[in-house]
Amino acid sequence: MNNHEIDYKIYGDDMQFVEVELDPDETVIAEAGSLMMMDDSIKMETIFGDGSSNQGSGLMGKLLGAGKRVLTGESLFMTTFTNSGVGKKHVSFASPYPGKIIPMDLSQINGKLICQKDAFLAAAKGVSVGIEFQKKLGTGFFGGEGFLMQKLEGDGMSFVHAGGTIHKRELSPGEMIRVDTGCLVAMTGDVDYNIEYVGGIKTALFGGEGLFFATLRGPGTVWIQSLPFSRLASRVFASAPQRTGSSSKGEGSIAGGLFDILGGDRN
């Protein structure tokens with residue numbers, strides 16, 4: 001294997017975290033801000049890109065790797081966690097919102113996984129975190145998650161996070177399913193992915209499901225989430241008390257605190 005072999009254990013139900021066990025000199029990479037806790041002797045370092053070997057050893061290779069992440073809206077940097085001590089050590093990463101952490105062994109899915117740009121949580125060092133350009137313009141403009149999706153490549157363990165309940169669906173050759181664009185979490189590289197118009201002006205305007213949905217055609221495997229973060233955020237915002245004037249809430253009221261959390265302006 002080219003990637004570091006790591007052991008792991010997932011804790012929790014709806015607010016999960018994954019504990020990664022590292023042997024001496026083993027390393028795991030993660031998105032900035034996902035760390036929950038770590039043992040002593042774990043060395044943390046910020047790097048350009050994902051630190052995979054295919055970035056090249058020169059400055060240009062590192063800049064190209066970091067540039068891929070900028071295109072998907074992520075930070076230029078990632079964080080590595082290395083066991084620099086003696087014996088096994090542990091580092092844990094937490095879910096950013098209610099949902100499930102999905103362990104993905106890339107060696108069992110032909111070394112490639114395509115996922116939402118915000119789905120990646122952590123992976124064994126050596127896994128390449130890049131971008132996947134959609135071949136059709138319709139997919140890019142109306143895909144629900146933007147023109148670019150993340151691409152994980154390698155032969156090691158990766159951890160992907162999604163909201164609500166996760167459904168894994170195996171598609172046989174030629175089998176097709178239609179999915180709400182925001183509910184698509186990840187798919188193997190052999191799945192044919194496109195966007196279709198829902199059809200019918202009444203359905204489009206009053207159906208409440210948006211104008212487009214994703215069509216996924218097998219063979220391959222797809223992972224679908226029941227609660228996309230965008231849907232959760234919109235429900236919370238819609239249920240929040242609306243501001244009607246400066247006297248409608250006190251500075252220390254519950255409504256005022258919630259308004260501040262959602263980015264309200266007091267002025």
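Across all their heavy atoms, P103 and I10 have their closest contact at CD-CD1, 3.9 Å. A pairwise comparison of heavy atoms in I29 and V127 identifies CD1-O, 3.8 Å as the closest pair. A pairwise comparison of heavy atoms in L106 and S158 identifies CD1-OG, 3.7 Å as the closest pair. Contact between F17 and A94 at its shortest, heavy atoms only, is CB-CA, 3.8 Å. Taking both residues in full, the closest heavy atoms of V28 and A123 are given as CG2-O, 2.9 Å, listed atom of the first, atom of the second, then distance. A pairwise comparison of heavy atoms in K89 and S41 identifies CE-CB, 4.0 Å as the closest pair.
In this structure, the side chains of M187 and Y193 come closer than 4.5 Å at one or more pairs of heavy atoms. No side-chain heavy atom of R217 sits under 4.5 Å from any side-chain heavy atom of V191. Looking at D39 and V91, their side chains never come closer than 4.5 Å, going by heavy atoms from C-beta outward. Within the 4.5 Å cutoff, side-chain heavy atoms of I224 are placed close to those of V222. Side-chain contact between D192 and L216 is absent, with no heavy atoms from C-beta onward closer than 4.5 Å.
Between E26 and K88, no side-chain nitrogen of the basic residue sits less than 4.0 Å from a carboxylate oxygen of the acidic one, so the salt-bridge criterion is not met. A salt bridge is absent between E19 and K9; no separation between the charged side-chain nitrogens and carboxylate oxygens falls under 4.0 Å. In summary, K100 and D13 engage in a salt bridge, as defined by a charged side-chain N under 4.0 Å from a carboxylate O.
For the 3.5 Å distance criterion, the side chains of S34 and E31 fail to qualify, holding no donor opposite an acceptor. Between the side chains of S95 and Q16, no donor-acceptor pair of N or O atoms lies under 3.5 Å.
Atom OG1 of T79 sits about 8.0 Å away from atom CD1 of I47, to the nearest 0.5 Å. How far CE of M44 is from OG1 of T27: 13.5 Å, rounded to the nearest 0.5 Å. Atom CD of E45 sits about 4.5 Å away from atom OG1 of T80, to the nearest 0.5 Å.
In this structure, the side chain of Q116 engages the main chain of G182 through a donor-acceptor pair within 3.5 Å. A distance-only check finds a donor-acceptor pair linking the side chain of T188 to the backbone of T221 [under 3.5 Å]. The main-chain N or O of Y97 is found under 3.5 Å from a side-chain atom of H161 such that the two form a donor-acceptor pair. Side-chain atoms of N83 come within 3.5 Å of backbone atoms of L22 as a donor-acceptor pair (strictly under, hydrogens ignored). Under a 3.5 Å cut-off, the side chain of E153 and the backbone N or O of K112 do not form any donor-acceptor pair.
For the ring-ring contact (aromatic ring centres under 6.0 Å, His included) criterion with F93, the lone passing option out of F159, F120, F81 is F81. With V160 as reference, L152 is the one residue of L152, I101, L121 to meet the side-chain contact (heavy atoms from CB on, under 4.5 Å) rule.
Under the 4.5 Å side-chain contact rule for hydrophobic residues, M176 and W223 do not share a cluster. Clustering ILVMFWY residues whenever any of their side-chain heavy atoms sit less than 4.5 angstrom apart, transitively, puts Y11 in the very cluster that holds M36.
Counting non-hydrogen atoms of neighbouring residues, nucleotides and ligands closer than 6.0 angstrom, the CG atom of D23 exceeds 12 such neighbours.
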